[in-house]
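This is a predicted model, so every value here is computed, not measured. We count residues from 1, following the sequence as given.
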Amino acid sequence: MKAVFITEQGGVDNMIYGEVPFPKVTDNSVLIKNHVSGINYIDTYHRSGVYPVPLPFIIGKEGAGEIVEVGKNVTDFKVGDRVVHFGSGTYAEYTAADVSAVEKLADDVSYEQAAAIGIQALTAWTMVRDGYPVKKGDTILVHAAAGGVGLLLCQMLKHLGATVIATVSTDEKAQLAKKNGADYVINYSCEDVVKRVNEITEGLGCHAVLDGVGKDTWDTSLACTRRLGTLISFGNASGVVPPISIGCLAQKNVKLMRPMLFNYLATREESKKWWGEVFELLRKKVLNLHVHKFYKLEDAKQSHLDLQGRKTTGKLLIKF
Ligand code: NDP
(Lines give C-alpha, C1' and ligand atoms only; values in the text may rest on other atoms or scores of the structure.)
Protein backbone atom coordinates (compact mmCIF):
# COMPACT_ATOMS: atom_id res chain seq x y z
CA MET A 1 0.00 0.00 0.00
CA LYS A 2 1.04 3.63 -0.34
CA ALA A 3 2.15 5.62 2.73
CA VAL A 4 4.28 8.54 3.84
CA PHE A 5 7.06 7.42 6.17
CA ILE A 6 10.48 8.34 7.52
CA THR A 7 13.56 6.21 8.03
CA GLU A 8 15.34 9.02 9.88
CA GLN A 9 13.94 12.03 11.77
CA GLY A 10 14.60 15.46 10.28
CA GLY A 11 13.28 17.99 7.80
CA VAL A 12 10.41 17.54 5.35
CA ASP A 13 12.77 16.04 2.78
CA ASN A 14 12.97 13.00 5.03
CA MET A 15 9.30 12.27 4.27
CA ILE A 16 9.11 9.43 1.77
CA TYR A 17 5.99 8.72 -0.25
CA GLY A 18 6.15 5.11 -1.34
CA GLU A 19 5.15 1.50 -1.03
CA VAL A 20 5.12 -0.13 2.45
CA PRO A 21 3.99 -3.57 3.67
CA PHE A 22 0.31 -3.97 4.51
CA PRO A 23 -0.28 -3.54 8.30
CA LYS A 24 -0.89 -6.75 10.23
CA VAL A 25 -4.05 -7.13 12.28
CA THR A 26 -3.43 -8.41 15.80
CA ASP A 27 -6.04 -10.17 17.98
CA ASN A 28 -7.27 -6.87 19.49
CA SER A 29 -6.97 -4.59 16.50
CA VAL A 30 -8.92 -3.76 13.37
CA LEU A 31 -7.72 -2.89 9.89
CA ILE A 32 -9.13 0.36 8.58
CA LYS A 33 -9.20 1.63 5.02
CA ASN A 34 -8.65 5.34 5.54
CA HIS A 35 -10.88 7.74 3.62
CA VAL A 36 -9.64 10.92 5.32
CA SER A 37 -6.67 11.40 7.65
CA GLY A 38 -6.01 14.36 9.92
CA ILE A 39 -2.76 16.33 9.86
CA ASN A 40 -1.68 17.55 13.28
CA TYR A 41 1.23 19.51 14.66
CA ILE A 42 2.36 16.39 16.51
CA ASP A 43 3.11 14.82 13.10
CA THR A 44 5.80 17.45 12.60
CA TYR A 45 7.31 16.60 16.02
CA HIS A 46 7.41 12.91 15.06
CA ARG A 47 9.02 13.78 11.75
CA SER A 48 11.55 16.29 13.09
CA GLY A 49 12.62 14.57 16.30
CA VAL A 50 10.92 16.73 18.95
CA TYR A 51 9.26 13.47 20.04
CA PRO A 52 11.08 10.13 19.66
CA VAL A 53 9.54 7.43 17.40
CA PRO A 54 10.60 3.91 16.41
CA LEU A 55 12.04 3.83 12.87
CA PRO A 56 10.98 3.32 10.15
CA PHE A 57 7.83 5.25 11.06
CA ILE A 58 4.65 5.94 9.12
CA ILE A 59 3.55 9.46 10.06
CA GLY A 60 0.03 10.36 11.23
CA LYS A 61 -2.07 9.81 14.33
CA GLU A 62 -5.70 10.10 13.20
CA GLY A 63 -7.91 8.85 10.43
CA ALA A 64 -11.47 8.06 9.52
CA GLY A 65 -12.57 5.20 7.32
CA GLU A 66 -14.17 1.78 7.16
CA ILE A 67 -13.17 -1.44 8.86
CA VAL A 68 -12.04 -4.08 6.40
CA GLU A 69 -10.77 -6.76 8.81
CA VAL A 70 -11.11 -7.49 12.56
CA GLY A 71 -8.77 -9.33 14.96
CA LYS A 72 -10.02 -12.57 16.48
CA ASN A 73 -10.77 -11.12 19.95
CA VAL A 74 -12.68 -8.14 18.58
CA THR A 75 -16.38 -8.15 19.42
CA ASP A 76 -17.34 -4.44 19.38
CA PHE A 77 -16.60 -3.84 15.70
CA LYS A 78 -17.35 -5.60 12.43
CA VAL A 79 -16.26 -5.33 8.82
CA GLY A 80 -18.00 -2.36 7.17
CA ASP A 81 -18.26 -0.21 10.34
CA ARG A 82 -17.52 3.48 9.74
CA VAL A 83 -15.01 4.66 12.35
CA VAL A 84 -12.60 7.34 13.45
CA HIS A 85 -9.33 6.19 15.00
CA PHE A 86 -6.10 7.28 16.59
CA GLY A 87 -4.00 4.43 15.25
CA SER A 88 -0.38 5.21 14.51
CA GLY A 89 0.53 5.48 10.85
CA THR A 90 -2.46 7.24 9.28
CA TYR A 91 -0.63 8.87 6.37
CA ALA A 92 -1.36 5.55 4.70
CA GLU A 93 -4.09 3.84 2.74
CA TYR A 94 -4.67 1.35 5.57
CA THR A 95 -4.00 1.48 9.32
CA ALA A 96 -4.19 -1.28 11.92
CA ALA A 97 -5.56 0.28 15.12
CA ASP A 98 -6.02 -1.19 18.56
CA VAL A 99 -9.74 -1.24 19.38
CA SER A 100 -9.12 1.05 22.37
CA ALA A 101 -8.29 3.81 19.86
CA VAL A 102 -11.32 3.33 17.60
CA GLU A 103 -14.73 5.00 17.82
CA LYS A 104 -17.82 4.28 15.70
CA LEU A 105 -19.36 7.05 13.64
CA ALA A 106 -23.06 7.80 13.63
CA ASP A 107 -24.64 7.98 10.17
CA ASP A 108 -24.86 11.77 10.35
CA VAL A 109 -21.10 12.23 10.93
CA SER A 110 -18.98 12.23 7.76
CA TYR A 111 -15.41 10.98 7.49
CA GLU A 112 -14.30 14.57 6.85
CA GLN A 113 -16.02 15.82 10.01
CA ALA A 114 -14.67 12.98 12.14
CA ALA A 115 -11.07 13.46 11.01
CA ALA A 116 -11.41 17.23 11.32
CA ILE A 117 -12.64 17.23 14.92
CA GLY A 118 -10.62 14.25 16.19
CA ILE A 119 -7.43 15.11 18.01
CA GLN A 120 -7.91 18.88 17.91
CA ALA A 121 -11.44 19.04 19.31
CA LEU A 122 -10.71 16.44 21.99
CA THR A 123 -7.59 18.36 22.99
CA ALA A 124 -9.56 21.58 23.22
CA TRP A 125 -12.55 20.08 25.04
CA THR A 126 -10.56 18.12 27.64
CA MET A 127 -8.61 21.31 28.33
CA VAL A 128 -11.64 23.50 29.01
CA ARG A 129 -13.58 20.81 30.89
CA ASP A 130 -10.83 19.15 32.93
CA GLY A 131 -7.57 21.11 32.65
CA TYR A 132 -9.37 24.28 33.64
CA PRO A 133 -13.16 23.81 33.96
CA VAL A 134 -14.27 27.07 32.35
CA LYS A 135 -17.13 28.93 34.01
CA LYS A 136 -19.47 31.54 32.59
CA GLY A 137 -17.85 34.97 33.00
CA ASP A 138 -14.25 33.72 33.00
CA THR A 139 -11.69 35.50 30.86
CA ILE A 140 -9.50 33.08 28.89
CA LEU A 141 -6.46 33.79 26.73
CA VAL A 142 -5.96 31.53 23.68
CA HIS A 143 -2.73 31.69 21.68
CA ALA A 144 -2.60 30.83 17.95
CA ALA A 145 -6.37 31.24 17.98
CA ALA A 146 -6.82 30.81 14.22
CA GLY A 147 -5.10 27.42 14.21
CA GLY A 148 -6.73 24.01 14.34
CA VAL A 149 -7.03 23.72 18.12
CA GLY A 150 -7.31 27.51 18.45
CA LEU A 151 -10.49 27.99 16.41
CA LEU A 152 -12.20 25.11 18.20
CA LEU A 153 -11.17 26.60 21.56
CA CYS A 154 -12.72 29.94 20.59
CA GLN A 155 -16.00 28.22 19.66
CA MET A 156 -16.09 26.11 22.82
CA LEU A 157 -15.20 29.00 25.13
CA LYS A 158 -17.92 31.17 23.63
CA HIS A 159 -20.38 28.30 24.16
CA LEU A 160 -19.30 28.05 27.81
CA GLY A 161 -19.90 31.77 28.36
CA ALA A 162 -16.30 32.93 28.68
CA THR A 163 -14.76 36.15 27.44
CA VAL A 164 -12.14 35.09 24.90
CA ILE A 165 -8.91 36.98 24.31
CA ALA A 166 -7.15 35.57 21.27
CA THR A 167 -3.64 36.03 19.89
CA VAL A 168 -2.75 35.59 16.21
CA SER A 169 0.03 36.71 13.86
CA THR A 170 -1.91 38.37 11.01
CA ASP A 171 -4.97 40.53 10.43
CA GLU A 172 -6.65 37.78 8.36
CA LYS A 173 -6.22 35.35 11.24
CA ALA A 174 -7.60 38.01 13.61
CA GLN A 175 -10.79 38.25 11.57
CA LEU A 176 -11.21 34.50 11.55
CA ALA A 177 -10.69 34.23 15.32
CA LYS A 178 -13.34 36.93 15.82
CA LYS A 179 -15.76 35.12 13.55
CA ASN A 180 -15.26 32.01 15.66
CA GLY A 181 -15.96 33.59 19.04
CA ALA A 182 -12.99 35.70 20.12
CA ASP A 183 -14.10 38.90 21.91
CA TYR A 184 -10.67 40.56 21.73
CA VAL A 185 -7.89 39.74 19.30
CA ILE A 186 -4.27 40.72 19.77
CA ASN A 187 -1.80 40.51 16.90
CA TYR A 188 1.23 39.23 18.82
CA SER A 189 3.59 39.94 15.95
CA CYS A 190 3.20 43.68 16.52
CA GLU A 191 1.30 44.31 19.78
CA ASP A 192 2.33 44.03 23.44
CA VAL A 193 0.18 41.13 24.65
CA VAL A 194 0.72 41.65 28.39
CA LYS A 195 -0.16 45.33 28.13
CA ARG A 196 -3.32 44.62 26.13
CA VAL A 197 -4.42 41.82 28.45
CA ASN A 198 -3.93 44.08 31.45
CA GLU A 199 -6.02 46.77 29.80
CA ILE A 200 -8.81 44.32 28.97
CA THR A 201 -8.82 42.66 32.40
CA GLU A 202 -8.19 45.85 34.40
CA GLY A 203 -4.87 44.51 35.59
CA LEU A 204 -6.25 41.22 36.92
CA GLY A 205 -5.06 38.90 34.14
CA CYS A 206 -6.87 35.82 32.82
CA HIS A 207 -8.51 32.97 34.72
CA ALA A 208 -6.74 30.61 32.36
CA VAL A 209 -4.17 30.87 29.58
CA LEU A 210 -4.19 28.13 26.92
CA ASP A 211 -0.81 28.05 25.23
CA GLY A 212 0.00 25.73 22.32
CA VAL A 213 2.78 27.96 21.00
CA GLY A 214 5.27 26.99 23.73
CA LYS A 215 8.75 28.50 23.88
CA ASP A 216 8.00 31.94 22.40
CA THR A 217 4.92 32.65 24.54
CA TRP A 218 5.81 31.09 27.89
CA ASP A 219 6.81 34.36 29.61
CA THR A 220 3.80 36.21 28.20
CA SER A 221 1.47 33.43 29.26
CA LEU A 222 2.72 33.44 32.82
CA ALA A 223 2.45 37.22 32.97
CA CYS A 224 -1.14 37.10 31.66
CA THR A 225 -2.34 34.49 34.17
CA ARG A 226 -4.18 36.03 37.10
CA ARG A 227 -3.57 35.29 40.79
CA LEU A 228 -4.89 31.75 41.48
CA GLY A 229 -5.27 31.26 37.72
CA THR A 230 -4.33 28.30 35.54
CA LEU A 231 -1.71 28.13 32.82
CA ILE A 232 -2.03 25.20 30.44
CA SER A 233 0.99 24.73 28.19
CA PHE A 234 -0.11 22.11 25.68
CA GLY A 235 2.25 22.33 22.73
CA ASN A 236 5.50 23.39 21.12
CA ALA A 237 4.65 25.08 17.81
CA SER A 238 7.50 27.58 18.33
CA GLY A 239 9.74 25.12 20.18
CA VAL A 240 9.79 23.29 23.50
CA VAL A 241 9.44 25.43 26.65
CA PRO A 242 12.85 25.38 28.38
CA PRO A 243 12.99 23.96 31.92
CA ILE A 244 11.41 26.37 34.40
CA SER A 245 12.13 27.10 38.01
CA ILE A 246 9.01 26.04 39.91
CA GLY A 247 9.22 29.13 42.11
CA CYS A 248 7.94 31.26 39.22
CA LEU A 249 4.46 29.92 39.93
CA ALA A 250 4.50 31.16 43.53
CA GLN A 251 4.19 34.84 42.68
CA LYS A 252 0.50 34.36 41.85
CA ASN A 253 -0.18 30.80 43.07
CA VAL A 254 -0.52 29.74 39.46
CA LYS A 255 -1.62 26.20 38.63
CA LEU A 256 0.42 24.80 35.75
CA MET A 257 -0.65 21.91 33.56
CA ARG A 258 1.06 20.18 30.65
CA PRO A 259 -1.54 17.76 29.22
CA MET A 260 -1.20 15.06 26.56
CA LEU A 261 -4.52 14.15 24.96
CA PHE A 262 -3.88 10.42 24.87
CA ASN A 263 -3.70 10.33 28.67
CA TYR A 264 -7.35 11.40 28.70
CA LEU A 265 -8.25 8.45 26.50
CA ALA A 266 -6.49 5.65 28.34
CA THR A 267 -9.59 3.48 28.82
CA ARG A 268 -12.56 2.60 26.62
CA GLU A 269 -14.89 4.43 29.09
CA GLU A 270 -12.83 7.64 28.98
CA SER A 271 -12.64 7.51 25.23
CA LYS A 272 -16.42 7.01 24.89
CA LYS A 273 -17.14 9.86 27.33
CA TRP A 274 -14.95 12.47 25.62
CA TRP A 275 -15.83 11.40 22.08
CA GLY A 276 -19.54 11.39 23.02
CA GLU A 277 -19.33 14.96 24.30
CA VAL A 278 -17.45 16.20 21.25
CA PHE A 279 -19.87 14.49 18.83
CA GLU A 280 -22.69 16.20 20.74
CA LEU A 281 -21.00 19.60 20.29
CA LEU A 282 -20.79 18.88 16.57
CA ARG A 283 -24.45 17.86 16.43
CA LYS A 284 -25.51 21.01 18.33
CA LYS A 285 -23.42 23.05 15.87
CA VAL A 286 -21.31 24.49 18.68
CA LEU A 287 -18.43 23.35 16.50
CA ASN A 288 -18.12 24.86 13.05
CA LEU A 289 -15.40 23.07 11.19
CA HIS A 290 -12.97 25.13 9.20
CA VAL A 291 -10.91 22.99 6.82
CA HIS A 292 -7.89 24.82 5.49
CA LYS A 293 -7.19 22.34 2.70
CA PHE A 294 -7.50 18.73 1.58
CA TYR A 295 -4.08 17.39 0.56
CA LYS A 296 -3.26 14.33 -1.52
CA LEU A 297 -1.22 11.71 0.33
CA GLU A 298 1.73 12.34 -1.97
CA ASP A 299 1.61 16.06 -1.01
CA ALA A 300 2.01 15.46 2.74
CA LYS A 301 5.41 17.18 2.65
CA GLN A 302 3.74 20.40 1.50
CA SER A 303 1.20 20.17 4.33
CA HIS A 304 4.04 20.18 6.89
CA LEU A 305 5.68 23.15 5.18
CA ASP A 306 2.36 25.03 5.25
CA LEU A 307 1.60 24.16 8.89
CA GLN A 308 5.06 24.99 10.20
CA GLY A 309 5.23 28.05 7.97
CA ARG A 310 2.17 29.50 9.81
CA LYS A 311 0.34 29.62 6.50
CA THR A 312 -2.71 27.66 7.61
CA THR A 313 -5.89 28.21 9.58
CA GLY A 314 -8.13 25.51 11.00
CA LYS A 315 -7.71 21.88 9.99
CA LEU A 316 -5.52 20.21 7.38
CA LEU A 317 -6.73 16.88 5.99
CA ILE A 318 -5.49 14.16 3.65
CA LYS A 319 -8.16 12.81 1.32
CA PHE A 320 -7.67 9.37 -0.24
P1 NDP B 1 -2.06 25.08 14.52
O2 NDP B 1 -3.02 25.00 13.41
O3 NDP B 1 -2.44 25.84 15.73
O4 NDP B 1 -0.68 25.62 13.97
C5 NDP B 1 0.26 26.17 14.82
C6 NDP B 1 0.11 27.68 14.95
O7 NDP B 1 0.99 28.11 15.97
C8 NDP B 1 0.49 28.45 13.72
O9 NDP B 1 -0.54 28.56 12.77
C10 NDP B 1 0.88 29.79 14.30
O11 NDP B 1 -0.26 30.66 14.41
C12 NDP B 1 1.33 29.44 15.73
N13 NDP B 1 2.77 29.67 15.91
C14 NDP B 1 3.33 30.57 16.74
N15 NDP B 1 4.64 30.55 16.66
C16 NDP B 1 4.95 29.62 15.72
C17 NDP B 1 6.18 29.17 15.16
N18 NDP B 1 7.37 29.67 15.55
N19 NDP B 1 6.14 28.22 14.21
C20 NDP B 1 4.97 27.70 13.81
N21 NDP B 1 3.77 28.09 14.30
C22 NDP B 1 3.75 29.05 15.25
O23 NDP B 1 -1.65 23.59 14.96
P24 NDP B 1 -2.54 22.52 15.75
O25 NDP B 1 -3.90 23.04 15.97
O26 NDP B 1 -2.39 21.20 15.09
O27 NDP B 1 -1.79 22.43 17.14
C28 NDP B 1 -1.71 23.56 18.00
C29 NDP B 1 -0.85 23.20 19.19
O30 NDP B 1 -1.54 22.23 19.96
C31 NDP B 1 0.49 22.59 18.82
O32 NDP B 1 1.49 23.06 19.68
C33 NDP B 1 0.25 21.11 19.08
O34 NDP B 1 1.42 20.42 19.37
C35 NDP B 1 -0.67 21.19 20.28
N36 NDP B 1 -1.43 19.97 20.52
C37 NDP B 1 -1.25 19.34 21.71
C38 NDP B 1 -1.92 18.20 22.02
C39 NDP B 1 -1.72 17.58 23.34
O40 NDP B 1 -2.21 16.46 23.56
N41 NDP B 1 -1.04 18.22 24.26
C42 NDP B 1 -2.84 17.56 21.05
C43 NDP B 1 -3.03 18.35 19.84
C44 NDP B 1 -2.32 19.51 19.59
P45 NDP B 1 0.01 32.27 14.30
O46 NDP B 1 0.55 32.47 12.92
O47 NDP B 1 -1.31 32.90 14.53
O48 NDP B 1 1.02 32.57 15.36
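Taken from SG in Cys206 to CD1 in Ile165, the straight-line distance is 4.0 Å, to the nearest 0.5 Å. Between the CE atom in Met127 and the CG atom in Leu122 there is a gap of 11.0 Å [rounded to 0.5 Å].
Ile246 CD1: 12 or fewer foreign heavy atoms inside a 6.0 Å radius. Counted within 6.0 Å of CD on Glu191, heavy atoms from surrounding residues, nucleotides or ligands total more than 12; the atom is thus considered enclosed. Annotation for Lys273: atom NZ counts as buried by contact number, over 12 foreign heavy atoms lying within 6.0 Å. Open room surrounds CD on Glu202; 12 or fewer heavy atoms of other groups in view lie less than 6.0 Å from it.
Listed for the Asp98 side chain is a donor-acceptor partner under 3.5 Å among the backbone atoms of Ser100. The backbone N or O of His304 lies less than 3.5 Å from no partner atom in the side chain of Thr44, so there is not a single donor-acceptor pair. The backbone N or O of Thr139 sits nowhere less than 3.5 Å from a side-chain atom of Thr163 that would complete a donor-acceptor pair. A donor-acceptor contact shorter than 3.5 Å is absent between the side chain of Gln9 and the backbone of Ser48. Side chain of Lys293 to main chain of Thr312: no donor-acceptor pair is present (N/O by atom type, distance under 3.5 Å, no hydrogens or angles). Side-chain atoms of Arg226 do not come within 3.5 Å of backbone N or O of Ala208 as any donor-acceptor pair. For Asn34 (side chain) and Ala92 (main-chain N/O), a donor-acceptor pair under 3.5 Å exists by modelled atom type. Listed for the Ser238 side chain is a donor-acceptor partner under 3.5 Å among the backbone atoms of Asp216. Checked by atom type and distance alone, the side chain of Lys104 never pairs as donor or acceptor with a backbone atom of Phe77 at under 3.5 Å. Panel note: side chain Ser37, backbone Thr90; a donor-acceptor pair is recorded below 3.5 Å.
The shortest heavy-atom contact between Ser169 and Arg310 is CB-NH2, 3.6 Å. Among all heavy-atom pairs drawn from Ala106 and Arg283, the shortest one is CB-NH2, 3.6 Å. When all heavy atoms are compared, the tightest approach of Lys158 to Gly181 is CD-O, 3.0 Å. Across all their heavy atoms, Lys24 and Ala96 have their closest contact at O-CB, 3.6 Å. Of all non-hydrogen atoms in Cys224 and Val193, the two that sit nearest each other are SG-CG1, 4.2 Å. Of all heavy-atom pairs spanning Asp107 and Arg82, the tightest one is CA-NH1, 4.1 Å.
The shortest side-chain heavy-atom distance between Glu103 and Phe86 does not fall under the 4.5 Å cut-off. Contact check for His290 versus Thr313: side-chain heavy atoms found under the 4.5 Å cut-off. Put simply, the side chain of Ile244 reaches to within 4.5 Å of the side chain of Leu256, judged on heavy atoms. Counting heavy atoms from C-beta on, the side chains of Leu307 and His292 never come closer than 4.5 Å. No side-chain heavy atom of Ile6 sits less than 4.5 Å from a side-chain heavy atom of His46. Contact check for Thr126 versus Pro259: no side-chain heavy atoms found under the 4.5 Å cut-off. The shortest distance between side-chain heavy atoms of Gln155 and His159 does not fall below 4.5 Å. At a threshold of 4.5 Å between non-hydrogen side-chain atoms, the residues Lys178 and Gln175 do not count as touching.
With sequence neighbours left out, Phe279 forms a ring pair (Phe, Tyr, Trp, His ring centres under 6.0 Å) with Trp275.
Neither Val36 nor Val83 shares a network with the other; the hydrophobic side chains, linked directly or stepwise wherever heavy atoms of I, L, V, M, F, W or Y lie under 4.5 Å apart, form separate groups for each. Taken together through direct or relayed side-chain contacts under 4.5 Å among Ile, Leu, Val, Met, Phe, Trp and Tyr, Tyr41 and Val168 form parts of separate hydrophobic clusters. Val134 and Phe234 end up in the same hydrophobic cluster when Ile, Leu, Val, Met, Phe, Trp and Tyr side chains are linked at under 4.5 Å. Ile58 and Val68 end up in the same hydrophobic cluster when Ile, Leu, Val, Met, Phe, Trp and Tyr side chains are linked at under 4.5 Å.
Cation-pi geometry between Lys61 and Phe262 is met: under 6.0 angstrom from the ring centre, within 45 degrees of the axis.
Contact check on Lys135 versus Asp138 returns a salt bridge, with a Lys/Arg side-chain nitrogen under 4.0 Å from an Asp/Glu carboxylate oxygen. Ionic pairing of Lys33 and Glu69 is not present here: no N-O contact between side-chain nitrogen and carboxylate oxygen is shorter than 4.0 angstrom.
The one candidate from Ile39, Val149, Asn40 that meets the side chain to side chain contact (heavy atoms under 4.5 Å, CB included) condition with Ile119 is Asn40.
Between the side chains of Thr26 and Asn28, no donor N or O sits under 3.5 Å from an acceptor N or O.
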Is there a side-chain contact (heavy atoms from CB on, under 4.5 Å) between Val185 and Lys173 once you walk through the steps?
CA-CA 9 Å; Val185 187; Lys173 289 184 178 187; over 6 Å; no
